[in-house]
Amino acid sequence: MTSVLLLSLGLGAVPPFLAAHAPAGRPLTIGYVPDAARTDPEAPWAVAERERVAALGHAVVDIRLTGADARTVAAALDGVDVLYVAGGSTFALLDALRTSGADEVVVERVRGGLPYIGLSAGSIVAGPSVEPASLMDDPADAPGLTDLRGLGLTDAVVVPHADGKLPPYPLELIGRTLDRYGSDHELVPLRDDEALLITGPGWKVVASA
């Protein structure tokens, strides 16, 4: 059964999600995909996100898609219990997924039962299209990317940071995003203390402070 958790910013929903996939509370191995930050991997926000995930108390191993191929990604996924796709540039992330062939591998594994956690860009790419991110992120981060289809793990497209508290994403920008793309896509705005939980065919918004 598909099990997906899409975060805006807060990780509060992650521990119970992980606990549901940890028999007898055993530690898990989290595969961490950092490619949304590939243009600035040492940016303070990128480093801080990985540190927050590591602080959850599970093993964290990096799975870098840029420069990899589908076989390498598949082998890396064999060694993890949960996949975590980090935030950054939605378009850089989708480009890394597409050019490595990881997009098809990830979809196959998640539909086969591998739990998926995304944050911000990692949440957006889980939907059917990343087009609604075009005002929030810069499509020029992946100039060769012409196909904006996402992973299709859900029919909804997450609009993260919808409370406008994160400086790069003011409420005015969130409003324009919803106005421009709301008629063509099923958009789910998430505050930074919310997440979208998908189990099987249904989904619900949950707290994630």
Side-chain angles (χ1 to χ4, degrees), residues 1-38 41 46-66 68 70-88 90 93-94 96-97 100-127 150-154 156 158 160 190 192-209:
M1 181 175 69
T2 301
S3 187
V4 175
L5 181 66
L6 305 180
L7 309 164
S8 178
L9 185 63
L11 300 187
V14 175
F17 182 80
L18 294 178
H21 300 283
R26 71 171 176 84
L28 299 171
T29 299
I30 300 173
Y32 188 92
V33 175
D35 292 78
R38 69 183 184 185
V47 173
E49 183 178 356
R50 195 186 188 287
E51 290 177 346
R52 288 195 298 146
V53 174
L56 295 172
H58 299 274
V60 180
V61 296
D62 287 344
I63 300 178
R64 298 186 184 276
L65 308 181
T66 303
R71 181 177 298 180
T72 302
V73 173
L77 293 181
D78 286 340
V80 304
D81 301 298
V82 179
L83 183 63
Y84 182 102
V85 183
T90 303
L93 174 58
L94 182 61
L97 284 160
S100 65
D103 53 348
E104 295 183 3
V105 176
V106 167
V107 169
E108 179 184 12
R109 294 299 182 90
V110 174
R111 289 181 176 166
L114 179 68
Y116 178 104
I117 301 172
L119 183 140
S120 194
S123 294
I124 296 170
V125 298
L151 297 176
L153 301 176
T154 174
V158 164
L190 292 180
D192 283 340
D193 62 354
E194 293 179 326
L196 191 69
L197 178 63
I198 302 159
T199 52
W203 57 263
K204 63 180 178 179
V205 175
V206 299
S208 189

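Quick note: residue numbers are just sequence positions, from 1.
Of all heavy-atom pairs between Ala86 and Tyr32, the closest is CB-OH, 3.4 Å. Of all non-hydrogen atoms in Gly118 and Tyr116, the two that sit nearest each other are N-CE2, 3.7 Å. Considering all non-hydrogen atoms of both residues, Val125 and Gly122 come closest at CG2-O, 3.6 Å. The shortest heavy-atom contact between Ala13 and Val206 is CB-CG2, 4.1 Å. Taking both residues in full, the closest heavy atoms of Leu7 and Ala195 are given as CD2-CB, 3.7 Å, listed atom of the first, atom of the second, then distance. Minimum interatomic distance between Ala70 and Gly101 (heavy atoms only, all atoms of both residues): CB-O, 3.9 Å.
Taking CG of Leu197 as the reference point, atom CD1 of Ile117 lies at 10.5 Å (rounded to 0.5 Å). With rounding to the nearest 0.5 Å, the separation of CD1 in Ile198 from CG in Leu6 is 4.5 Å. Atoms CG and OG1, from Asp35 and Thr66 in turn, are 3.5 Å apart once rounded to the nearest 0.5 Å. To the nearest 0.5 Å, the span separating OG on Ser208 from CG on Leu11 amounts to 6.5 Å. Separating the OG1 atom in Thr29 from the CG atom in Leu83 is a distance of 12.5 Å, to the nearest 0.5 Å. Distance CG/Leu18 to OH/Tyr84: 10.5 Å, rounded to 0.5 Å.
The only option from Asp192, Asp193, Leu190 that meets the side chain to side chain contact (heavy atoms under 4.5 Å, CB included) definition with Leu9 turns out to be Asp192.
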Check the pair Val80 / Ile63 against side chain to side chain contact (heavy atoms under 4.5 Å, CB included), numbers first and verdict last.
-> CA-CA 10 Å; Val80 304; Ile63 300 178; 4.2 Å; yes
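For the pair Thr154/Val4, no side-chain contact is recorded, criterion being any heavy-atom separation below 4.5 Å from C-beta on. Taking 4.5 Å as the limit, some side-chain heavy atom of Leu119 sits within range of a side-chain heavy atom of Arg52. Considering only heavy atoms from C-beta on, Arg109 comes within 4.5 Å of Asp78 through its side chain. Put simply, the side chain of Pro15 reaches to within 4.5 Å of the side chain of Leu56, judged on heavy atoms. Leu93 has its side chain out of reach of Ile124: every pair of non-hydrogen atoms, C-beta onward, lies at least 4.5 Å apart.
The number of heavy atoms from other shown groups lying within 6.0 Å of CZ (Arg50) is above 12. Counting non-hydrogen atoms of other residues, nucleotides and ligands closer than 6.0 Å to CZ of Arg26 gives a total above 12.
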